[in-house]
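Working notes, beginning with the structure itself.
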Amino acid sequence: MAGRDAVIKVACISMEKHLPYLFELDQSKPLKEVVEAICKQWKISNPEEYAFKSDDTGQYVTNENRNTLSDGAVLKLAPSPLSEAQAKVQILNSKESGRINEVLLELPEESKDETFSRFFIEFGGIDKLGKLIEVFRNDVNEHKNLGQALSSYARLVSHEVLAEEAFSTLNQDFMKSLLGLLKGKSTSSKVTEAVLEIAKAFVLKKQDGFAVIYGEYGFPGIVTWVEDNEKPMVQEAALKLINSLILKCPEGTRESIFLILEQRNVVAPLKQKLKEKKEVSPSLAHELYCLQTHFVSEIVRAQKPLNHSTSTAQEDLQEIVQFVNNVTKDGRKRINIVGFANFEESLKEFQDFPLCLEQFTFLKRNYPEEFKNMLQHQISRDIEYVCPLVKIGKKLSKLLLRILDARRPGKPPDAKSTRFLPLWYTTKAPLEHLFCIFFILLERLWNEMRARRQDEDKVMTVTKLQMEEVIQRALMLPNVLEHFREQVWHVTYQDIQKKEEREIKKRFDRQVHAPGVRSKATQIRDELSDLVHRQRIARMKSVSQFVSITKGKVMSTKKFYAFLSANQKTIHWSDFYESTDSRVPTIAEIESGSNSGSVSIEDLKLFEVGNEVPAVKAMKDRRVAEDIQPLCFGISVQGSSSPVVQKESNNVIEWLVLIAPDRKQAATWRDGIRLLMGKPLRETETFADIDTLVSLKQKILLLNVYGVELPTTIPLVPSLPENFEYSLDGFPNGAEA
């Protein structure tokens with residue numbers, strides 16, 4: 001997907017006999033100008049009658065959707081939506097039956113496009129379609145055309161952006177006549193699907209939509225179409241209508257609708273399909289998500305306060321309290337923390353959220369051993385580590401409802417989501433089972449984290465991540481309860497930690513490429529490079545240990561020490577300490593040693609590393625020479641009497657050759673000497689240290705904007721005005737400058 005100011009490479013093809021044209025599309029340039037340029041290239045005289053269509057989707061390219069284009073897109077130069085809609089409406093208004101039939105065949109596909117639909121409706125196309133539908137409905141020989149006309153009409157009225165006024169023909173009488181088609185035994189699947197789609201739009205767009213559909217056809221009749229697995233498109237259309245009716249139903253009817261859904265077991269045919277793991281289309285997945293959301297929302301809405309509920313709820317509570325007291329006889333102090341210590345206190349706990357009591361009752365009856373083990377485990381722990389099961393169970397229940405996207409009645413589900421749980425349609429009492437499984441997971445997590453009561457929020461945060469991870473996996477894999485449990489036990493605290501680390505790294509990698517962060521990184525790098533340079537020099541001022549080369553051999557039995565003077569003007573060395581002496585000599589001892597030496601930085605003329613050091617080049621044992629190359633360096637010295645100083649074969653240049661014990665020390669001295677000599681740095685370890693520090697500094701700075709999505713492009717800064725004169729309008733006693 002390209003940004004608004006991007007330039008992308010696309011191909012353009014024509015319906016006529018023109019060769020494909022490759023060009024760069026400047027996204028900041030008006031589409032009208034681009035179309036004119038293509039028409040000029042192909043010598044088309046009327047560019048205003050043309051527009052671009054995406055060859056992949058068949059949709060017109062507009063200023064609103066052009067940002068979805070990317071490199072390699074293929075655009076088709078086609079008649080503009082205005083001219084195309086106008087031409088089709090003219091044909092529909094004509095008496096040429098052959099051409100009308102051709103338009104009706106093309107129209108269902110064309111009507112998918114929002115831009116075309118808007119023009120088609122403006123030219124009166126939908127009104128004409130309504131009249132044709134009435135004609136075709138009464139003529140048995142026009143059944144095929146009826147299906148095409150209804151499909152087109154359904155797609156036209158499904159566009160959410162179009163105003164209600166555009167659908168003047170979609171009135172009660174017209175809708176009732178269409179519903180009559182559903183009662184005919186010979187009605188085709190195409191007609192049935194289209195009528196159900198139109199009914200859905202009628203419910204959503206008309207104030208009297210619910211009353212007309214619910215009263216004229218009835219909810220049980222609509223459920224019948226969901227039960228037919230042989231007609232998947234009709235089944236999906238019926239689900240859409242059911243979801244729209246639930247969304248728009250008045251408060252008094254809501255309970256009866258869900259009672260019908262429960263009695264008719266509307267999910268039974270879906271259950272079979274999901275158990276067989278048949279592929280679910282994105283559109284059907286969305287409707288299943290909506291239906292799931294409505295079910296969850298109704299469960300929340302139907303809650304009643306405990307003091308107004310039936311005696312059954314209070315009896316359930318008394319049963320749990322007795323069970324807990326029997327399991328935890330000897331842990332009185334801890335049971336007060338766990339919960340369910342007595343009936344009166346528990347009644348207060350669940351008064352504001354009775355749904356959680358139902359879930360605890362389900363846990364006690366269907367997972368008795370797990371509940372018993374959980375209680376015994378908590379009672380046996382130190383009091384500060386005891387998990388408040390009731391308190392945290394209420395939090396878990398509310399969290400589960402949020403994850404399942406519970407909403408207030410009348411608030412529509414997400415318009416694009418397809419996140420439905422197959423488990424919801426294949427398991428009896430799915431919400432209760434989910435609570436129990438996740439509650440057992442939460443208690444295990446509490447123990448793994450060795451959490452205290454003050455850690456509740458942290459535990460709930462991790463639990464949420466675990467639940468989302470499990471549910472994400474469950475969207476695709478398990479549709480049976482046992483499979484779901486297996487998925488839960490495989491998602492551990494360690495898995496969540498690793499996932500968080502990956503997410504943090506991914507977010508950091510994305511943020512560091514933001515323009516503002518990149519410019520800041522350049523400044524940070526300069527500062528931290530200077531810091532690393534100073535660290536190298538500071539490290540050289542302390543005594544460092546080396547070995548050296550004498551007569552072509554590495555003298556590993558002798559230790560060799562060197563340091564940089566405090567004024568950074570001289571390097572001192574000494575080689576008089578044997579390897580058996582583990583003590584590091586002091587600076588004073590090195591300076592006064594019998595085999596000591598020094599060289600002024602000003603006198604350093606030559607500096608070589610690795611295989612460029614003459615003594616390494618001259619070594620006969622090439623294997624040893626290769627091993628020491630990353631660790632050694634040589635500096636030219638003059639007039640030293642130290643036996644470790646070697647002369648080249650021409651007896652002109654004397655070299656001090658040092659071999660560091662590891663690459664880190666070698667890099668410190670190599671780049672340190674380069675700094676002192678004014679040469680550029682070359683060691684990989686130095687650059688790695690700078691990169692590490694820059695990365696750490698960026699992470700620290702980015703903590704200040706945690707949770708904020710940084711812009712990927714630099715915002716446009718308007719140019720300065722011609723002058724800075726201003727006036728305050730609309731204020732009492734407005735001032736002028």
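For this chain, numbers begin at 1 and follow the sequence in order.
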Over 12 foreign heavy atoms within 6.0 Å of CZ, R622: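 Yes, the 6.0 Å shell around CZ holds more than 12 heavy atoms from other groups.
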Output all residues satisfying side-chain contact (heavy atoms from CB on, under 4.5 Å) with [X], sequence neighbours left out; order by chain, then residue number.
{"X": "R452", "answer": "E384, Y385, Q454, D455"}
{"X": "D457", "answer": "K395"}
{"X": "K697", "answer": "I524, L528, L701"}
{"X": "Q523", "answer": "K520, E527"}

side-chain hydrogen bond (donor to acceptor under 3.5 Å, both in side chains) pairs, two or more places apart, involving residues 461-471: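 Every side-chain hydrogen bond (donor to acceptor under 3.5 Å, both in side chains) pair that includes a residue of residues 461-471, provided the two are not neighbours, is E469-R473, E469-K499.
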Pairs flagged by side-chain hydrogen bond (donor to acceptor under 3.5 Å, both in side chains) wherever residues 658-667 is involved - sequence neighbours left out: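 Every side-chain hydrogen bond (donor to acceptor under 3.5 Å, both in side chains) pair that includes a residue of residues 658-667, provided the two are not neighbours, is R663-E685.
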Backbone of A688 reached by a side-chain donor or acceptor of T692 within 3.5 Å: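 Present.
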R670 side chain vs C632 backbone, donor-acceptor pair below 3.5 Å: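 Side chain of R670 to backbone of C632, a donor-acceptor pair under 3.5 Å: yes, one is there.
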Sequence-distant partners of F439, ring-ring contact (aromatic ring centres under 6.0 Å, His included), two or more places apart: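 F360, F435.
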Under the ring-ring contact (aromatic ring centres under 6.0 Å, His included) test, residues paired with Y60 that sit two or more places apart: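 Per chain and number, Y60 pairs via ring-ring contact (aromatic ring centres under 6.0 Å, His included) with no residue.
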Note: E448-R444 ion pair, threshold 4.0 Å (strictly below):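 Salt bridge: yes.
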Listed partners of W424 passing side chain to side chain donor-acceptor pair (under 3.5 Å), at least two apart: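 Applying side chain to side chain donor-acceptor pair (under 3.5 Å) to W424 gives none.
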Contacts of type side chain to side chain donor-acceptor pair (under 3.5 Å), residue R485, not counting sequence neighbours: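 Applying side chain to side chain donor-acceptor pair (under 3.5 Å) to R485 gives Y367.
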Residues in salt bridge (Lys or Arg N to Asp or Glu O under 4.0 Å) contact with D56, at least two apart in sequence or another chain: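 Partners of D56 under the salt bridge (Lys or Arg N to Asp or Glu O under 4.0 Å) test: none.
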Qualifying residues under salt bridge (Lys or Arg N to Asp or Glu O under 4.0 Å), relative to D414, sequence neighbours excluded: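 Once residues adjacent in sequence are excluded, D414 has no partner under the salt bridge (Lys or Arg N to Asp or Glu O under 4.0 Å) criterion.
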